[in-house]
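These notes are about the structure you will find just below.
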2 protein chains.
Amino acid sequence: MKSKIKIKDGGLKIMKEKFVYDFKEGNANMRELLGGKGANLAEMTNMGLPVPQGFTITTAACTKYYEDGENISENIISEIEEHLKNLENISGKKFGSPENPLLVSVRSGARASMPGMMDTILNLGLNEEVVVGFSKKTQNERFALDSYRRFIQMFSDVVMELPKKEFEDIIDKKKKEKGVKGDTDLTAEDLKDIILKFKEYYKKNKGEEFPNSPKQQLIEAVKAVFRSWNNERAIYYRRMNDIPSSWGTAVNVQMMVFGNMGNTSGTGVAFTRNAATGENKLFGEFLMNAQGEDVVAGIRTPQPISQLEQTMPQVYEQFLDICKKLEDHYKDMQDMEFTIEEGKLFMLQTRNGKRTPAAALKIACDLVQEGKIDKKKALLSIEPRSLDALLHPQFDAKILKSKTKIATGLAASPGAACGKIVFTAKDAILKAKNGEKVILVRLETSPEDIEGMDLAQGILTVRGGMTSHAAVVARGMGKCCVCGCGEIEINEKENTMKIKDEIFKQGDYISIDGSTGNVYGEAIPTVDAVISGHFETIMNWADEFKRLEIRTNADTPKDAEVAVKFGAKGVGLCRTEHMFFEADRIKAMREMILSKTKEQREKALKKLLPIQQKDFEGIFEALKGMPVTIRLLDPPLHEFVPKEEAEQKELAKELGVSLEDVKNTVKSLHEFNPMMGHRGCRLCVTYPEIAVMQSTAIISAAINVLKKHSDWDICPEIMIPLVGDIKELQYVKSVIVNCADELIKNANIKLKYKIGTMIEIPRAALTADEIAKDAEFFSFGTNDLTQMTFGFSRDDAGKFLEDYYSRSIYEQDPFARLDKNGVFKLIKMAVELGRKTRPNLKVGICGEHGGDPSSISLCEEAKLNYVSCSPFRVPIARLAAAQAAILINK
Amino acid sequence: MKSKIKIKDGGLKIMKEKFVYDFKEGNANMRELLGGKGANLAEMTNMGLPVPQGFTITTAACTKYYEDGENISENIISEIEEHLKNLENISGKKFGSPENPLLVSVRSGARASMPGMMDTILNLGLNEEVVVGFSKKTQNERFALDSYRRFIQMFSDVVMELPKKEFEDIIDKKKKEKGVKGDTDLTAEDLKDIILKFKEYYKKNKGEEFPNSPKQQLIEAVKAVFRSWNNERAIYYRRMNDIPSSWGTAVNVQMMVFGNMGNTSGTGVAFTRNAATGENKLFGEFLMNAQGEDVVAGIRTPQPISQLEQTMPQVYEQFLDICKKLEDHYKDMQDMEFTIEEGKLFMLQTRNGKRTPAAALKIACDLVQEGKIDKKKALLSIEPRSLDALLHPQFDAKILKSKTKIATGLAASPGAACGKIVFTAKDAILKAKNGEKVILVRLETSPEDIEGMDLAQGILTVRGGMTSHAAVVARGMGKCCVCGCGEIEINEKENTMKIKDEIFKQGDYISIDGSTGNVYGEAIPTVDAVISGHFETIMNWADEFKRLEIRTNADTPKDAEVAVKFGAKGVGLCRTEHMFFEADRIKAMREMILSKTKEQREKALKKLLPIQQKDFEGIFEALKGMPVTIRLLDPPLHEFVPKEEAEQKELAKELGVSLEDVKNTVKSLHEFNPMMGHRGCRLCVTYPEIAVMQSTAIISAAINVLKKHSDWDICPEIMIPLVGDIKELQYVKSVIVNCADELIKNANIKLKYKIGTMIEIPRAALTADEIAKDAEFFSFGTNDLTQMTFGFSRDDAGKFLEDYYSRSIYEQDPFARLDKNGVFKLIKMAVELGRKTRPNLKVGICGEHGGDPSSISLCEEAKLNYVSCSPFRVPIARLAAAQAAILINK
């Protein structure tokens, strides 16, 4: 995109880059270089629409500004001056001239829209002399002085970083002095005095006069906009929206037009379609005799756009015409800013309008029906992540309006929930089984809480981040969860909690919103989200274009059913250990762990066998012959034993062993780095009898279901976790095969099954050619693979990742987005090596990344066979997979 | 090596492999296929030496035996029968014939010598009928019956796995019954009765008759030898000696000759040179009228080989001649077995003789001087690891002879030490500073013990394995250490320890041997090892041929000096944190950690600065301008804070803060997986002031030393640990550069310095091309890289690795030997990627693998610039590097 001019000079090549473009030199395709706003201003200019002219300083200039140690180079300055001259010629006005002054606005404009994140300076070009001429020229001294006052204020705040409040105080003081209320009640004389005081304050604090040279003002303003690319809120916004810091922002310098020049002037914002519902009807607001900032300030109430027809019929007509032209041109709903200066309409901005997820679906379907776009473009116009909001219950919006939140935590898992407070998983189970709706409030959750979490309406924790146990499990369940709400103090003894001096008892109602993190101290009714026909249409179109198969991570028949309803075509990961945490099962599990001999262990495992088998039967039934991948026991055994003495005592009593025995076992299971400890297939190597029990449960379940449904194509995929070496896999595989083949032989039935492995240890990826000799499928466990590849654990990284974000070392959470340069390199390598050995190797991904659109796009790139995600992410994955297929095969 | 015959049959290729070789068909170069013993028997046969003839079943047959599910295929059996027929022709005897019976021995013989690890069966071919014929033929009924008795015993034990003891009991019972003492006192009739009882016992226990068919005996014996490849002691031996389980063993079937046929028969073992001293003089023993097993049993005392000259002068002459021929032929000291049957000499085996390290050096130098081999071959003849024994103090061998060990632990760090018992690092320091020699006895050591460990003569721990803190640190220091000696019970209250009911008080003398793991309950004087001139000669030759530079890991000036004495050409890793654990320093470190503001932290760091700087000056002085790589602070901060409440109280008092404060800090530093936590460069990102302090200390030290020695080429290499992303490196680098450049400018001196990184996180290796943009050198931290690549931590893997070894899933400890298929693949990738970006990138290795010969060979393969190891491993590394260069560039 960069336009470079090569000048050959002997053997030496000098590249001269162009850093400034007049609006008429650009077009909509140049948004990388000109930013979104600049590119669209150029496009509108070339469409012949009424745009106040100007020029754009490119994003490349911003990058260079940072490369040069936050300095604008001389050649860029002279390019700016050159284009300023062009602008003077176009406008017939002169920058800094008291006679016929050219005033400009200086605005940011990045490649992606970052509304309100960066800086803007209006009315630039005014000084002591120019304001006098401007006042004569406009024949409106008060207007001219007010413009100057606004400029000084903005420049001091934005460019010179003086506190905004001091300036407002000066105005307030003057208003008090004069006994008036509104800014508009101040006279020209008042404004002159205010300007004087502004300048005094400026000099006192900056140690120098307020800059009088318009050119100096301009360069300083440009620098300020460049600087604002790296202000805190911009960094945060970029991280949230996946915008690389390397992009930089462009700067648009545009001739000022004034909506505040009287009653034939005005300003407004409009959308070509309704952004909330998607209805095909112009939608917007305007305010007469006002500048953009007045609309934002909300002092006067704007009028609906339709009123403009009455107020200025010709302008309205012209505007309608422009709206139609823009939508036809961009083939998408447009969000536009306009200003009317003394009866003349100017377009200040157009862009594809932001919209609600429901509106996005409707607009996409409508545009296809109107013949404006094809299905591919429709699919690409919808942000997959936004669908999430359509899949969970929400608070009744009308009722919510009148409610005030009492605390805020992290929006850990979307949806809204309302219920009675309970403080333990046990109470949650008790009450829920009684038919009561409860919210489980915990300091933090642990695997033992799993059943209580499942039966609660929502989960609220005091500690823990977006990747804490509560957050991860809740998202997996599609259950509303607010995490890390530090304002809550739980009093365990009294079964109460305190938020800002208010005490809540067990049984009191609260409501939580996992999409915002808000907590409400009362009952707010929720409504189930309605999935309109447009949603289904879009999903069907997505299925037409996607290549990747979408599976789900489901540990129970219930989860599996939900996912199938959302369009999952198989189970990519069934975690068998989650089955062991429920009340009746954990006991047998603990008995197994406390066993001292293989015989004792086998006895305990025998108790678990029928439970596991029943779960598997339920999942096979729910999937109706679609593939199911079941992972053998993965977590270290210490996760299953109680840490508290009271519970240890209880367990000792139950099992008829000494407390000492229990304590010794717990102690012997302690690990320094449990993430890198005795888990996954390592458990099966030590205790092959566990693998035998699990294989028996899987194969027996498959046999039973197949006997009932002989037409189903049941083929269990048994997945061995944490393999790092082919020999580990071979050993565990031999244990499984011996067991499975005997069961199948004895049942006298034809049942196929596959044995494969998780690729979640870097060494497995590095030796994937070896591993594929014995693995019939790979599934990337990207959670662990990310941990090992980066060398930090999710549980601990929270402590230092904030420092990394604030220094722009990382821009994204590698546990949320697949790391393209590191982890994905391993994945690609493993896929290539694996398929070299076994060309038809089935490869999928089952980490949390499987539900993340940007990661799904990488999965498409690596030609995986499927992605697997939590049930509520299945529709998102379907759309993301379609987008990836369309974009990559374009 | 495998000889394959291709028979074209239409489009189909049938490959027929040859699995059995007559001795005359082989030669010494075929040891991969024939095993060491088989290849040498073949070679001797072809040299015309008197070898009892026979044939070798190849290692490939062993591999096939395992592939076929522990079965010998029909075609191998018929090959064996064919070669048995050849042997009958050569010998003129007949297998299983009562008239002129052919008896054979069946012996294992792997590619590498594994003495005593696998099975042997002698006198095979005897049965009820044959023994009668054999007795007639030899005219010695008692001899024939004794041979048969021995065969039944061996076959039942080795092949049929019946307990040896039961057979010995039958003999003992008979001896008692007859009132005789020696086996030789039993008559033919007695032996007949014994044979009867043997067979009865056999039938009772195996449920069938003892096999009477010689062919069946032979096949079963061959299978037993194959099986013995995977017996427990063979697996263990292979792991210790780096022998892959995939090699398999060959089986040698050889005509029996008898050294026990009377007074003109005998058997013996000899070395062409002295295996203990290397002296060029025949050395060995023989026993007349005996079989090999009698020599081993030690009932009669053998005579020195020189006595043979008197006993059988002609045979002696012939033997001397053969010895000379063999040494000239193999160009190395030979270890030979021979048998004299009725005055006729037979050679049963020859191989390169095992020797002591000192002998190895002398023999290598002598052989070069004698013109028998060149320097390359001399260097290749010495096992680098064996040099270790020459570098540490040893017990006075004469005194040690009379002493009995009281306990045994793991031989964690070689050398011998003697001193008074102390139980705490504090006491060690106190007494050592008083001039007393102490042995530090601890349950386990922690980083806080470091100074006490350094001042003690040796370290003895109750818990912990070969990679425990004590073991790792002691090896680094070159200090004697015995670990995991579970027989010790420490009584902390009374300052005593108990070993097998004996109580030792603080101040009592003990002695420990880190090369054997033995503990002695008294003082045993040690002697410093003498490094003879041969050692120096070999080291100089090694330096001629090696390409890799050898550096050392040294944290103190003292360590650095030792290493330079041993030939180190630089410091590859100086761990700065070890400097912080000493008593006067840990306090300031803790103050830094407990700081709440940057200012407080900087104040505490200021106290550490002069200490660090002085250490660095010492190291720069010791290195005299050779390169020094210094790593910034690496471990997580919680390693520096006290865990016990008493110590926490003390600290709170010292620093004038509340105990609560200390506790809160300790709690906040807790990590779930500290190995994957807030450490390495992550600390510098959070607290850049730490990097500033350390850079200041390094650069200031370099400036000071350079001022004193302006001719030294001082160029500190500052190493940033745990980098996973180029931006981390860039951030920390910018902090260092800002600080360093200002110091250099202010000092008005020319000082170069380099900034590089550890590659110890898989992601760093994967993105090495990026990282090399900013890193001027790489150093592979293979300890961490191995942990992350395998996904298990050293501290936890101990629990399950034993299961892995016993199931042959792993054959080696990946923390001791660089993992060729996984970790090394990452290393090679990183070197290639890094040099693509920066062709002159300096690359080294500084993990513990840097001192391991097999890993050094991989470093040569990957064309690293240097390896860095602990001071006492430098000579080993020099030799290993030379060997690698010679072998790879061959």
Side-chain angles (χ1 to χ4, degrees), chain A residues 636 668-680 682-683 685-688 722 724-728 730-731 760-767 770 784-797 799-804 807-811 814 819 821-823 825-826 829, chain B residues 636 668-680 682-683 685-688 722 724-728 730-731 760-767 770 784-797 799-804 807-811 814 819 821-823 825-826 829:
Chain A
S668 77
L669 291 175
H670 168 78
E671 294 185 306
F672 296 97
N673 296 284
M675 194 62 70
M676 310 173 85
H678 198 184
R679 48 179 288 241
R682 297 165 194 163
L683 290 172
V685 170
T686 307
Y687 310 115
L722 219 72
D725 191 289
I726 172 75
K727 287 197 185 168
E728 271 176 315
Q730 285 170 336
Y731 177 75
E760 50 186 340
I761 297 278
R763 196 174 186 281
L766 291 164
T767 62
E770 282 291 310
D784 270 331
L785 193 59
T786 300
Q787 295 196 94
M788 306 294 180
T789 305
F790 275 87
F792 50 66
S793 88
R794 281 199 343 177
D795 296 322
D796 301 306
K799 279 188 196 163
F800 55 83
L801 281 184
E802 275 312 314
D803 296 319
Y804 273 62
R807 304 196 205 282
S808 284
I809 294 176
Y810 290 153
E811 303 188 37
D819 159 48
N821 295 331
V823 179
K825 198 164 174 184
L826 270 183
M829 190 187 303
Chain B
S668 77
L669 291 174
H670 169 78
E671 294 186 307
F672 296 98
N673 296 284
M675 194 62 70
M676 310 175 83
H678 197 185
R679 47 179 287 239
R682 297 165 192 164
L683 290 171
V685 169
T686 307
Y687 310 115
L722 219 72
D725 191 290
I726 172 76
K727 288 197 184 168
E728 274 176 313
Q730 285 169 337
Y731 177 76
E760 50 186 338
I761 297 279
R763 197 176 185 280
L766 290 164
T767 62
E770 283 291 310
D784 271 331
L785 193 59
T786 300
Q787 294 196 93
M788 307 293 181
T789 305
F790 275 87
F792 51 66
S793 88
R794 278 194 351 170
D795 296 323
D796 301 306
K799 278 187 197 165
F800 54 84
L801 280 185
E802 276 311 314
D803 296 319
Y804 273 62
R807 304 195 205 280
S808 285
I809 294 175
Y810 290 153
E811 302 189 34
D819 158 48
N821 295 331
V823 179
K825 198 164 173 182
L826 271 183
M829 190 187 302

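Naming: A, B, ... by sequence-line order, numbering from 1 per chain.
Listed options B:I726, B:T686, B:L722, B:T767 were ranked by heavy-atom pairs under 4.5 angstrom with chain A; first place goes to B:T686. Comparing A:A764, A:A765, A:P762 by heavy-atom pairs within less than 4.5 Å of chain B, the highest count is held by A:P762. With respect to chain A, the highest number of heavy-atom pairs below 4.5 Å among B:Q730, B:R807, B:E802 belongs to B:R807. Counting heavy-atom pairs closer than 4.5 Å to chain A, the top-ranked of the candidates B:T789, B:I761, B:D803 is B:T789. Ranking A:S808, A:A797, A:S793, A:S668 against chain B, the residue ahead of the rest is A:S793, based on heavy-atom pairs under 4.5 Å. When the candidates A:L766, A:L826, A:N821 are compared by the number of heavy-atom contacts under 4.5 Å with chain B, A:L766 comes out ahead. Taking chain B as the reference chain and counting heavy-atom pairs below 4.5 Å, the highest number among A:E671, A:K799, A:M676, A:E760 is found for A:M676. Between chain A and the residues B:R682, B:M788, B:M829, B:H678, the most heavy-atom pairs under 4.5 angstrom are made by B:R682. Note on B:K727, B:K825, B:E770: by heavy-atom pairs under 4.5 Å with chain A, the leading option is B:K727.
Using a 30° and 60° split on the angle between ring planes, B:H670 and B:F672 fall in the perpendicular class, above 60°. Using cut-offs of 30° and 60° for the angle between ring planes, the B:Y810 and B:Y804 rings count as tilted.
Residue B:L801 does not touch chain A at all, counting heavy-atom pairs closer than 4.5 Å. Looking at A:L669, only its backbone comes within 4.5 Å of chain B, counting heavy atoms on both sides. Residue B:D784 does not touch chain A at all, counting heavy-atom pairs closer than 4.5 Å. For chain A, no part of B:P636 is nearby; none of its heavy atoms comes within less than 4.5 Å.
A:L683 places none of its side-chain heavy atoms less than 4.5 Å from the side chain of B:F800. Two residues are said to be in side-chain contact when any heavy atoms from C-beta on lie closer than 4.5 Å; A:M675 and A:D795 meet this criterion. At a threshold of 4.5 Å between non-hydrogen side-chain atoms, the residues B:N673 and A:Q787 do not count as touching.
A:Y731 pairs by the ring-ring contact (aromatic ring centres under 6.0 Å, His included) definition with nothing, not counting sequence neighbours.
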